[in-house]
Amino acid sequence: MPVLACLPRIDGSQWADATAVHQRQLQRLDELVRHFRSADPVYERLLRAAGADDVKIRDEADLVRLPILERSHLRELADGIRQRGRGRHPRFSVRLTGGSTGAPAAVLIDPAASAMSLAARVICQRWHGLELGHRQVRLWGRPPASGHLRASLKDWLLNRMSLDSLALEPPQLARSLARVSRFGPEYLYGYTSLIQLFAERIPSGQLAGILHRLMAAVCTSETMLAPQQAQLERALGCPVVEEYGCSEVDIIAYQCPAGGRHVVGENVLVETHRDGDEPDGYGQVLVTDLNNRVMPIIRYRLGDLAPLERPRCSCGRGWPCLGPVLGRSQGQYIQAPGRGLVHSQMVVYLVERLVAKGDGISRFKIIQDEVDHLRIALVPSDQTSFDLAGLGAFFRREGQAVLGPDMTWTVEQTTSEMLERGRINKFQHFESRIVS
């Protein structure tokens, strides 16, 4: 299916009534389950094991009867399709999921699903005045180990310029900024941490000249905290937009100008599911690709957490919204005495509560230097000093519910320069110094 043919469908869907959007999602999910029940022996077996081999999807009660797919199921499903040969699916592309999880897998995608994903990106970018072909500086995680010529050709065809983290280090920084200035980007796209690093590395006197055509910055792949987003908007002088997606289904949600993180309702169905051990108010993110008819991605567990309560947006779009997602960073876990691993994002939200009530915190870092001790380093947004005793009492009181009564806390005031020391390319809000 050509991308241009998909655009009207995506464009019209976003303005449909929210109830109609959800009913259409359930109807298409029912069609998808019936398709895979007969077309995929692996998924048919999973349905039968869950007691859902005869389920018809009409509402949420039917939806939750379907099995939850894990990363291990993806490998089994892909292997089964390959073993059966390409007779049923002569054309499909392969997406590799992130190997950083320690469990890489492949997802087989049909051309129609790929076209719908790209069409969704086109429509969502248009919310911010961006079109295909606009000049993009792409800030990605690491330089490719091979395929430089192919990558360069792809960048040229897509009218973009790619920078990795090494390009922002002092030996290459001046040359990189000169290239960006000549290129004249209309938007930035990439990892939140790298866009932040890019903004920090541009001398303030040169920023307007280098980024004089900039319309937006789109942050993806990593959690972006509200203070980070506000800080980046001030630094770059343009809207900063949050994109949420994954390799398995591509784009999942996109932030509109009114601030809502809209799930692309024509392409994906997103649930927040509780197993029982999630933090209060949060659930596991389960995603369903409503277009992929080669390989079932149905109620697939991403490993992220999102608020159970779905926010509403004032923009008028019928696509549902998703709250701030946890879990998009790697190795960000606190060892809580007697409680095991707790995601450091839970402490981050304590910091955000302080920011929301007016405490002038511009940057922070959480450091665990003992199993029973956390150190919170705060940088003020102005020249004032923090009430460290009061802040320490706040963290001890509020943090006890998550990390337990045996965790001790120290709060200290520091500077951005001190936080910068020892940092390796990516901004990390959490650092563990426990020697295992």
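Keep in mind it's a predicted model, so treat the numbers as computed, not measured.
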So, is the end of the Arg138 side chain (NZ or CZ) under 6.0 Å from the ring centre of Trp140 and within 45° of the ring's axis? yes
Side chain Asp250, main chain Gly245, donor-acceptor under 3.5 Å: no
Is there a side-chain contact between Leu177 and Pro203, using heavy atoms and a 4.5 Å cut-off? yes
If you round to the nearest 0.5 Å, how far is CD1 of Ile195 from CG of Leu188? 5.5 Å
Looking only at heavy atoms, which two atoms of Ser162 and Asp155 are closest? And how far apart? OG-OD2, 2.9 Å
Do Leu211 and Ile202 pass the side chain to side chain contact (heavy atoms under 4.5 Å, CB included) test, and can you show the C-alpha distance, the side-chain angles, and the key distance before you say yes or no? CA-CA 10 Å; Leu211 302 178; Ile202 300 177; 3.9 Å; yes
Should the pair Asp275-Arg301 be classified as a salt bridge under the 4.0 Å nitrogen-to-oxygen rule? yes
Among Glu70, His73, Arg71, the one residue meeting side chain to side chain donor-acceptor pair (under 3.5 Å) with Tyr300: Arg71
Nearest 0.5 Å, please: how far is CG in Asn267 from CE in Met116? 4.5 Å
Please determine if Arg433 and Glu370 form a salt bridge, counting it only when a charged side-chain N lies under 4.0 Å from a carboxylate O. no
Which heavy atom of Gln413 sits nearest a heavy atom of Pro380, and at what distance? NE2-CG, 3.6 Å
Taking all non-hydrogen atoms of both residues, which atom of Leu163 and which atom of Leu168 are closest, and how far apart? CD1-CD2, 4.4 Å
Starting from the C-alpha separation in whole Å, work towards a yes-or-no answer on side chain to side chain contact (heavy atoms under 4.5 Å, CB included) for Ile251 and Cys124. CA-CA 10 Å; Ile251 183 172; Cys124 292; 4.3 Å; yes
Which heavy atom in Pro337 sits nearest to a heavy atom in Met407, and how many Å separate them? CD-CE, 3.5 Å
Give a yes or no on whether the backbone of Leu74 and the side-chain of Glu76 come within a donor-acceptor separation of less than 3.5 Å. no
Is there a donor-acceptor pair closer than 3.5 Å between any side-chain N or O of Glu278 and the backbone N or O of Leu305? no
Verdict with reasoning, Ser13 to Glu266, per side-chain hydrogen bond (donor to acceptor under 3.5 Å, both in side chains): CA-CA 6 Å; Ser13 167; Glu266 187 65 17; 3.2 Å; yes
Is there a donor-acceptor pair under 3.5 Å between the side chain of Arg95 and the backbone N or O of Leu108? no
Under the salt bridge (charged side-chain N to carboxylate O under 4.0 Å, His left out) rule, what do Glu412 and Arg375 come out as? Steps first, then yes or no, please. CA-CA 7 Å; Glu412 63 186 33; Arg375 185 153 51 92; 2.9 Å; yes
Check step by step if side chain to side chain contact (heavy atoms under 4.5 Å, CB included) holds for Arg28 and Asn291. CA-CA 9 Å; Arg28 292 176 62 206; Asn291 297 310; 2.4 Å; yes
If you count every heavy atom of other residues, nucleotides or ligands that lies below 6.0 Å from Glu309 atom CD, does the total exceed 12? no
Arg160 and Tyr189: CA distance, side-chain angles, deciding distance, side-chain hydrogen bond (donor to acceptor under 3.5 Å, both in side chains) verdict: CA-CA 10 Å; Arg160 76 187 186 195; Tyr189 179 83; over 6 Å; no
Derivation of the side chain to side chain contact (heavy atoms under 4.5 Å, CB included) call for Leu378 and Phe386: CA-CA 9 Å; Leu378 304 174; Phe386 293 120; 3.6 Å; yes
Which heavy atom of Cys219 sits nearest a heavy atom of Met224, and at what distance? SG-SD, 3.7 Å
Rounded to the nearest 0.5 Å, how far does CG of Leu391 lie from CD1 of Ile376? 10.0 Å
Testing the basics here: between Trp409 and Arg396, what is the closest heavy-atom pair and its distance to 0.1 Å? CD1-CG, 3.4 Å
Is the backbone of Arg175 close enough, under 3.5 Å, to the side chain of Gln172 for a donor and an acceptor to pair up by distance? no
Under a plain distance cut-off of 3.5 Å, with no hydrogens placed, do Arg135 and Tyr187 share a side-chain donor-acceptor pair? no
Quick check for you: to the nearest 0.5 Å, what is the distance between Gln284 atom CD and Leu302 atom CG? 9.5 Å
Taking atom types as modelled and ignoring hydrogens, do the side chains of Gln255 and Gln229 form a donor-acceptor contact shorter than 3.5 angstrom? yes
Would you call Met295 and Phe92 a side-chain contact if the rule is heavy atoms closer than 4.5 Å? no
Yes or no on side-chain hydrogen bond (donor to acceptor under 3.5 Å, both in side chains) for Gln196 and Gln228, after CA distance, side-chain angles and deciding distance? CA-CA 8 Å; Gln196 179 170 353; Gln228 275 182 294; 2.7 Å; yes
Does the ring of Tyr244 carry Arg261 above it, NZ/CZ under 6.0 angstrom from centre and within 45° of its axis? no
Determine, for Trp127 and Arg317, whether the Lys NZ or Arg CZ falls below 6.0 Å from the six-membered ring centre while staying within 45 degrees of the axis. yes
